[in-house]
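Because the structure is a prediction, the values reported are computed rather than measured.
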Amino acid sequence: MSWKSIIIKTDNASADCLSEALLEHGALSADIHDAEAGTDAEQPLYGESGLPAEQVWQKAEVTGLFDDDTDLDAIMQSVKAATQLSQMPSYRTETVEAQDWVRLTQSQFSPIQISARLWVVPTWHQPPDSAAINLILDPGLAFGTGSHPTTQLCLVWLDQHLKQGETLLDYGCGSGILAIAALKLGAGHVAGIDIDPHAVKASQANALLNDCDQSKLFFSTHYQTGNNPDDKTGESGQVDIVIANILSNPLIMLAPILVQAVRKGGQIVLSGILQAQANEVKAAYQKWFDMQSSHEQDGWVLLTGIKK
């Protein structure tokens with residue numbers, strides 16, 4: 001079995017209407033992607049809540065997938081008319097052969113070495129180093145597979161700085177990867193919080209997959225901050241470390257909340273921040289923390305601070 005696809009070169013002004021027109025004319029699916037992905041001209045887009053964001057790349061490609069017997073040239077004539085374009089956009093066609101899509105997806109995710117003793121390993125791979133701390137994690141609905149620089153920055157920091165028995169709050173836990181890593185690296189108690197209930201479920205499932213001690217690990221959509229540093233339940237009170245891998249604008253808005261969760265002398269670790277955003281995020285926390293830029297990877301910055 002095979003399918004046919006149309007790949008249309010366009011811009012951000014026409015991409016959405018072309019995608020909709022393909023679907024209206026029988027496309028099984030349609031997607032929009034960066035026409036220059038994988039090149040030096042690739043254009044990263046990161047939408048943040050509370051800020052306007054570009055929704056489509058300046059140079060885009062729109063792909064429509066059709067049944068094998070579809071007349072793609074006729075489809076393009078209909079699409080041109082439906083979108084009222086003055087001229088036919090540049091496009092090409094391809095045949096999409098049937099494949100083992102599960103195996104193809106799995107082949108894109110190999111074990112990732114974070115440090116000398118820390119790996120992220122999908123379930124379909126054997127750990128390359130059985131003596132290492134292996135985080136068993138598959139791609140899923142929640143963010144955090146270990147492949148993104150922001151996640152790797154946080155994992156490296158935990159490996160280098162987390163002390164045995166410390167308590168930690170992972171705010172915006174996603175897949176739970178940072179919370180699980182902290183527990184395996186020796187944290188005494190860890191709480192993972194995410195506003196998305198699907199993320200909480202994914203985190204709980206990943207914790208079971210990694211044989212985590214459930215008495216030391218807590219995932220929820222709610223976290224009540226307090227002023228009792230002796231409260232080690234993870235459900236309330238202050239902790240030794242708050243780590244948050246989100247995006248810069250939410251981090252700025254959350255500053256008054258996150259500061260309450262950190263004990264005096266405790267640490268805050270912030271990721272999901274582009275280099276150009278680092279000073280603004282640092283300024284939002286400087287009132288309560290001695291802030292510094294800790295590490296940088298591929299244009300992303302990790303900020304850390306000690307509570308005054």
Please enumerate all residues that pass side chain to side chain contact (heavy atoms under 4.5 Å, CB included) together with [X], with sequence neighbours excluded.
X: S203; result: C173, F219
X: T10; result: S14, A15, L18, A60, V62
X: S110; result: H125

> Out of curiosity, does L303 fall in the hydrophobic cluster containing I306 (side-chain heavy atoms, cut-off under 4.5 Å, transitive links)?
Replying inline: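 In one cluster: no.
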>> Same cluster or not: I8 versus L23, using hydrophobic residues (I, L, V, M, F, W, Y) connected whenever any side-chain heavy atoms lie under 4.5 Å apart?
In response: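 No.
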> Who pairs with T123 by side chain to side chain donor-acceptor pair (under 3.5 Å), at least two apart in sequence or on another chain?
Replying inline: D138
> How would you list, by chain and number, every residue that makes a side chain to side chain donor-acceptor pair (under 3.5 Å) with N134, sequence neighbours excluded?
Replying inline: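 For N134, no residue satisfies side chain to side chain donor-acceptor pair (under 3.5 Å) once neighbours in sequence are set aside.
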If we only count heavy atoms from C-beta on, is the [X] to [Y] side-chain gap below 4.5 Å?
X: V120; Y: I177; answer: yes
X: T95; Y: W3; answer: no
X: T145; Y: S175; answer: no
X: Y171; Y: L254; answer: yes

Crowding at [atom1], [X] (>12 non-hydrogen neighbours, <6.0 Å):
X: K4; atom1: NZ; result: yes
X: I195; atom1: CD1; result: no
X: K184; atom1: NZ; result: yes

> Is it true that the side chains of Q43 and Q58 contain a donor and an acceptor less than 3.5 Å apart?
Replying inline: no
> Among side-chain atoms of H148 and T150, is any donor-acceptor pair under 3.5 angstrom?
Replying inline: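 A donor-acceptor contact under 3.5 Å links the two side chains.
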Which pair of heavy atoms, one from [X] and one from [Y], lies closest together, and at what distance?
X: C212; Y: L217; answer: CB-CD2, 3.9 Å
X: L162; Y: A187; answer: CD2-N, 3.9 Å
X: L270; Y: I273; answer: O-CD1, 3.8 Å
X: L155; Y: A181; answer: CD2-CB, 3.5 Å
X: L137; Y: G144; answer: CD2-O, 3.0 Å

>> List the residues meeting salt bridge (charged side-chain N to carboxylate O under 4.0 Å, His left out) with E280, not counting sequence neighbours, and say none if there are none.
In response: none
>> Check whether R117 reaches the backbone of L185 with its side chain - one donor and one acceptor, N or O, closer than 3.5 Å.
In response: no
> Linking Ile, Leu, Val, Met, Phe, Trp and Tyr through side-chain heavy atoms less than 4.5 Å apart, which residues share a cluster with I136?
Replying inline: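 Result for I136 is W119, V121, L209.
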> Linking Ile, Leu, Val, Met, Phe, Trp and Tyr through side-chain heavy atoms less than 4.5 Å apart, which residues share a cluster with W124?
Replying inline: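 Besides W124, the cluster holds F109.
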> For residues 204-214, which residue pairs qualify under side chain to side chain donor-acceptor pair (under 3.5 Å), counting only residues two or more places apart or in two chains?
Replying inline: D213-S215
> Among pairs that include at least one residue of residues 22-38, which meet side chain to side chain donor-acceptor pair (under 3.5 Å), considering only residues two or more places apart or in two chains?
Replying inline: D31-H33, H33-E61
Please tabulate, for side-chain N and O atoms in residues 283-294, each donor-acceptor pair with protein atoms closer than 3.5 Å (sequence neighbours left out).
| residue | atom | partner | partner atom | Å |
| --- | --- | --- | --- | --- |
| Y285 | OH | L251 | O | 2.6 |
| Q286 | NE2 | F289 | O | 3.2 |
| S293 | OG | K282 | NZ | 3.4 |

> Would V301 and L274 count as a side chain to side chain contact (heavy atoms under 4.5 Å, CB included) if you check the C-alpha gap in whole Å, the side-chain angles of each, and the deciding distance to 0.1 Å?
Replying inline: CA-CA 6 Å; V301 176; L274 292 167; over 6 Å; no
Please report, to 0.1 Å, the donor-acceptor pairs under 3.5 Å made by any side chain of residues 72-81, with sequence neighbours excluded.
| residue | atom | partner | partner atom | Å |
| --- | --- | --- | --- | --- |
| D73 | OD1 | Y91 | OH | 2.6 |
| S78 | OG | A74 | O | 3.3 |

> With a 4.0 Å cut-off, would you call D240 and R263 a salt bridge?
Replying inline: yes
